[in-house]
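Each chain gets a letter, A, B and so on, in the order its sequence line appears, and its residues count up from 1. Values below: all heavy atoms of this structure, side chains included; hydrogens, waters and symmetry mates excluded. What you are looking at is a predicted structure, and each value in this text was computed from that prediction instead of being measured.
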Amino acid sequence: MQTEILQRPDFSMVRATFERAGEAIVATAGTMVSRDTSVQMKTGLTGGLLASAKRKLLGGESLFLNTFTASAPGETVYLAPAAEGDLAEFRVRSGESLFIHSGAFLAGETTVKLDTKWGGAKGFFGAGMFLLKAEGEGRVLVNAYGALHPVDVSGQGFICDNENIVAFTDGLQYDVRRIGGMKGLFFSGEGLVCHFRGRGRLWMQTRNPARFAAWVHPFRRVKAKAQGGD
Amino acid sequence: MQIDLQHRPSQAMAHVVLTPGESVTAESGAMVGMTPNVQVQTGSGGLLKGIKRMFGGESFFRNTFICSQGSEVGEVYLAATLPGDLVVLDVGASKYYLQNHAYVASTPGVDVDTRVGGFKTFLSGEGLFVLKTTGQGQVIAGAFGAIEEVRVRGEYIVDTGHLVAWEDSLQFRITKAADGWISSWLSGEGLVCHFTGNGTLWTQTRNPSEYGEEIGRRLPPRES
């Protein structure tokens with residue numbers, strides 16, 4: 001399979017070109033832009049019902065992942081995320097897994113396993129942020145809201161707003177905390193951040209979806225009060 | 001302090017490098033990431049200032065990011081909410097007015113004061129408040145969309161929703177877009193800012209309120 005990221009950086013899209021029959025790519029439900037009619041789409045409970053349910057419950061990721069399978073070489077499928085922004089491709093190898101913010105996973109080769117169960121996830125449960133661990137061998141495609149900004153973490157570490165995390169490499173340890181104490185949590189607007197330590201690479205997105213949602217909210221009309229009792 | 005703008009123009013983010021003891025103040029929520037030797041202080045810069053900002057539709061608090069003494073250089077990444085460009089304005093010989101939502105960050109020597117931009121705007125709900133910068137340093141302003149720089153010689157008119165910043169050498173007054181209130185309203189332009197004098201102003205190619213209303217009216221009503 002050949003993958004090419006097109007239309008970077010603002011409205012990126014990926015084109016996967018299959019090289020042989022039976023080759024497949026797994027993508028988050030709703031991300032298909034177009035495909036050849038001969039490419040089979042199977043809405044899958046990848047990894048079985050239980051694994052999918054776990055993914056839904058724990059990872060916040062769409063329960064359904066669609067698998068696109070080629071019937072002949074040269075067939076293509078185009079995939080794009082919901083929001084505007086950049087895409088990146090990563091290669092996962094055994095011993096070099098990648099943590100991906102739920103919502104940032106666009107697609108991956110079938111040889112890549114998505115896991116939500118690993119030690120150390122605890123800190124994120126209370127934080128309303130969930131991560132997928134991509135393991136195995138193969139390519140994964142990750143989407144950002146806005147531009148994708150890599151940070152090489154070493155020495156003193158790095159702090160990133162939870163909502164701006166896209167992905168990070170296995171070598172980083174992390175813990176979720178508040179910045180600026182209690183006053184900071186309620187009034188700073190920064191909410192929860194993730195403190196990374198160790199050596200590795202972190203990718204941030206330049207825009208924050210929660211902040212955008214909070215920006216839109218006041219523009220909603222206010223519900224008219226019910227009249228005459230209930 | 002070093003400020004460089006990355007990922008321009010659509011997804012601009014400011015990368016601020018602080019030497020020990022240096023600080024930068026930013027709009028609440030603007031921090032994307034930072035090094036751990038940077039301390040965050042949440043404050044209003046004075047109760048009255050905070051209240052005035054709240055009236056202007058901004059947050060009561062702002063965050064100051066301070067690089068710890070005796071450490072390495074600190075780094076802070078700052079970004080606006082909406083997609084668009086950023087501009088760094090040097091405050092000193094030139095002073096600026098900012099449309100209040102354009103404020104992203106400023107260096108400590110710059111005083112940013114909220115002012116009412118003309119009484120008529122007070123009644124309208126659009127572009128009521130402006131920020132005046134004084135002192136010495138830099139201000140980072142954010143735009144929704146691209147930024148267009150306009151040199152004004154004489155007179156010029158800008159829709160208040162498309163304003164980012166302007167030099168204080170320009171006099172300004174907020175007026176109706178057309179002669180009457182009804183035709184003004186029908187024109188969809190609402191209020192405009194009428195400039196006179198010589199100086200530079202910066203406009204944004206998209207109007208945040210127009211965009212917000214476009215989405216907001218399609219969303220289910222909120223409870224309050």
Open item on the list: Within a 6.0 Å radius of atom CD on A:Q7, are there more than 12 heavy atoms belonging to other residues, nucleotides or ligands?
Closed with: no

Task: Close side-chain approach of A:K223 and B:R222, heavy atoms under 4.5 Å - done: no

TODO: For each of B:P36, B:S71, B:A79, B:P83, tally heavy-atom pairs with chain A at distances under 4.5 Å, and name the one with the top tally.
DONE: B:P36

Task: Winner by heavy-atom pair count (cut-off under 4.5 Å) against chain B, out of A:E84, A:H149, A:Q205 - done: A:H149

Open item on the list: Does any part of the side chain of A:R220, heavy atoms only, come nearer than 4.5 Å to the side chain of B:P220, both counted from C-beta?
Closed with: yes

Open item on the list: Once rounded to the nearest 0.5 Å, what's the spacing between atom CG of B:L78 and atom OG1 of A:T206?
Closed with: 12.5 Å

Task: chain B contact via A:V222 - which portion, at a heavy-atom distance below 4.5 Å - done: both

Open item on the list: What part of B:Q39 gets within 4.5 angstrom of chain A, counting heavy atoms only: side chain, backbone, both, or neither?
Closed with: neither

Task: Part of B:Q41 within contact of chain A (heavy atom distance under 4.5 Å) - done: neither

TODO: In sequence, state the C-alpha distance, the side-chain angles, and the governing distance for B:T81 and A:R207, and then conclude on side-chain contact (heavy atoms from CB on, under 4.5 Å).
DONE: CA-CA 6 Å; B:T81 308; A:R207 293 297 180 270; over 6 Å; no

TODO: Measure the CE-CG distance between B:M13 and A:N164 for me, rounded to the nearest 0.5 Å.
DONE: 8.5 Å

Open item on the list: To the nearest 0.5 Å, what is the distance between CG on A:D10 and NE2 on B:H7?
Closed with: 11.5 Å

Open item on the list: More than 12 heavy atoms of other residues, nucleotides or ligands under 6.0 Å from CD of B:Q2: yes or no?
Closed with: no

Open item on the list: So for atom CZ, which belongs to A:R199, do other residues, nucleotides or ligands contribute more than 12 heavy atoms lying within a distance under 6.0 Å?
Closed with: no

Open item on the list: Can you tell me how far apart CZ (A:F219) and CZ (B:R217) are? Round to the nearest 0.5 Å.
Closed with: 13.0 Å

TODO: Sort A:L148 into side chain, backbone, both or neither according to what part of it lies under 4.5 angstrom from a heavy atom of chain B.
DONE: backbone

Open item on the list: If you define the side chain from C-beta out and look only at heavy atoms, does anything of A:V216 sit under 4.5 Å from B:I215?
Closed with: yes

Open item on the list: Is the shortest side-chain heavy-atom distance between A:C160 and B:Y77 below 4.5 Å?
Closed with: no

Open item on the list: Minimum heavy-atom separation for A:R211 and B:S28, please, with both atom names.
Closed with: NH2-O, 3.8 Å

Task: Nearest-0.5 Å distance that lies between atom CD1 in A:I159 and atom CD in B:E75 - done: 12.0 Å

